[in-house]
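Working notes, structure below.
In listed order, ligands and their atoms are each counted from 1.
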Amino acid sequence: MTLDARERLIVALDLPTVHDAEQMVSRLGESVVFYKIGYQLAFAGGLPFAAGLIAAGKQVFLDLKLHDIGNTVQKGVESVAQIGATFLTVHAFPQTMKAAVEGKKGSKLRILAVTVLTSYDDADLAAAGYDMSVPELAAARAAQARDMGIDGLVCSAEEARKLRDIAGPGMVLVTPGIRPAGAATGDQKRIMTPARAIEAGADYLVVGRPVVEAKDPKAAADNIVAEIEQASGR
Ligand code: C5P
């Protein structure tokens, strides 16, 4: 993959209003070219805002984690594809993934599958009726995602090496839980520095608070890009 270091940093706009997001994007300027929009902002005017970002030349990852009956997912993905986003997340259930692959046809949208939410442990899976451990289910779903033509996986940097073996070179791995050395960990438990995540095989790093809550967000982003550049050799 020949990605420029700057394209590999995705800043999570986990902010309450479009106004806050606009201010952050303007402070970050040319330092950030890729943004993630999740539930909080998406349901507060973030989808028209996403279209504006794309029109301004940025790339957008819509972290909407879709999961519904196939027909509904397919139609929803067709609508998301018209916004012009680069990435959209769905839960890694076979029907959902199949419908999402169908829905994005003919667009440049790429579908990322969330294998098992990182807040789930084996007890949560048992309570939900699964007779499998988290690593077993994550590996099985990653293989299904690959076989169904899903474009990539969201995973922790710790899982990246193992999932790369399953996914092969063609799928993108997108990893949150990134903390530059010295940054506050917040509620993230499984964290890695940008350089270590790149070395583990991540293609894209999702970073939220270490950038948006930094005193100087632009400098924080530039430092992460420099670290990616150093770790990847470009
Ligand atoms: O602020 P922080 O860097 O922890 O933000 C990480 C972003 O990645 C948040 O938007 C969070 O919802 C998302 N995410 C995560 N862990 C996952 C999946 C998504 O932290 N397993």
Side-chain angles (χ1 to χ4, degrees), residues 8-17 20-21 24-25 27-28 31-32 34-44 46-47 49-50 53 59-67 85-92 110-122 124-125 134-135 137-139 141-142 145 150 152-160 162-163 167 172-198 200-215 217-221 223-225 227-228:
R8 300 176 71 173
L9 169 65
I10 303 177
V11 171
L13 287 173
D14 294 328
L15 297 165
T17 68
D20 291 317
M24 184 52 61
V25 168
R27 284 184 78 177
L28 291 169
S31 293
V32 174
F34 213 146
Y35 288 100
K36 179 170 94 74
I37 294 176
Y39 284 0
Q40 185 183 22
L41 190 59
F43 298 138
L47 297 180
F49 171 69
L53 276 182
Q59 294 190 71
V60 172
F61 168 3
L62 288 176
D63 192 9
L64 301 180
K65 296 191 177 71
L66 301 185
H67 184 206
T86 301
F87 290 142
L88 167 71
T89 41
V90 303
H91 284 284
R110 291 195 275 170
I111 307 293
L112 304 177
V114 178
T115 53
V116 179
L117 290 171
T118 47
S119 59
Y120 284 10
D121 60 17
D122 290 351
D124 292 305
L125 289 188
V134 169
L137 184 57
R141 286 180 169 172
I150 289 287
L153 301 170
V154 179
C155 64
S156 74
E158 284 174 357
E159 294 169 317
K162 200 180 66 196
L163 289 185
V172 298
L173 297 182
V174 179
T175 62
I178 301 298
R179 289 294 177 270
T185 54
D187 57 0
Q188 294 280 13
K189 294 192 181 97
R190 294 186 284 161
I191 54 169
M192 249 191 217
T193 63
R196 295 293 307 282
I198 293 292
D203 297 301
Y204 293 88
L205 310 184
V206 175
V207 185
R209 288 162 291 183
V211 170
V212 302
E213 290 182 3
K215 272 210 187 74
K218 192 174 166 66
N223 287 338
I224 294 170
V225 171
E227 198 176 326
I228 294 173

> Between K218 and S31, is any side-chain donor less than 3.5 angstrom from a side-chain acceptor?
Replying inline: yes
Subset of ligand 1 atoms that lie under 4.0 Å from at least one heavy atom of [X]:
X	value
D14	9 (C), 10 (O)
R209	1 (O), 2 (P), 3 (O), 4 (O)
A12	10 (O)
T118	16 (N), 17 (C), 21 (N)
P210	3 (O)
V206	7 (C), 8 (O)
G208	1 (O), 2 (P), 3 (O), 5 (O)

>> Let me confirm one number: the CZ-CG distance from F61 to L88, rounded to the nearest 0.5 Å.
In response: 8.0 Å
> Rounded to the nearest 0.5 Å, what separation is found between the NZ atom of K36 and the CG atom of L9?
Replying inline: 13.0 Å
Considering non-hydrogen atoms of the protein only, which is the closest contact for [atom], and what is the distance?
atom	value
atom 20 (O) of ligand 1	Q188 NE2, 2.7 Å
atom 11 (C) of ligand 1	K36 NZ, 4.2 Å
atom 18 (C) of ligand 1	P176 CG, 3.7 Å

>> Using a 3.5 Å cut-off on N or O atoms only, is D63 in polar contact with ligand 1?
In response: no
>> The test is side chain to side chain contact (heavy atoms under 4.5 Å, CB included); show your working for L41 and D14 and say whether it passes.
In response: CA-CA 7 Å; L41 190 59; D14 294 328; over 6 Å; no
>> Any side-chain to backbone donor/acceptor pair from R8 onto L205? Under 3.5 Å, distance only.
In response: no
> Is the side chain of D124 donor-acceptor paired with the backbone N or O of D121 at a distance under 3.5 Å, no angle test?
Replying inline: yes
>> Tell me whether ligand 1 is touched by R179 - counting only heavy atoms on the residue side and a distance under 4.0 Å.
In response: yes
> When the ring planes of F87 and F34 are compared, do they come out parallel, tilted or perpendicular, using 30° and 60° as the limits?
Replying inline: parallel
> Taking the side chain as C-beta and beyond, is there a heavy-atom pair between R209 and D187 under 4.5 Å?
Replying inline: yes
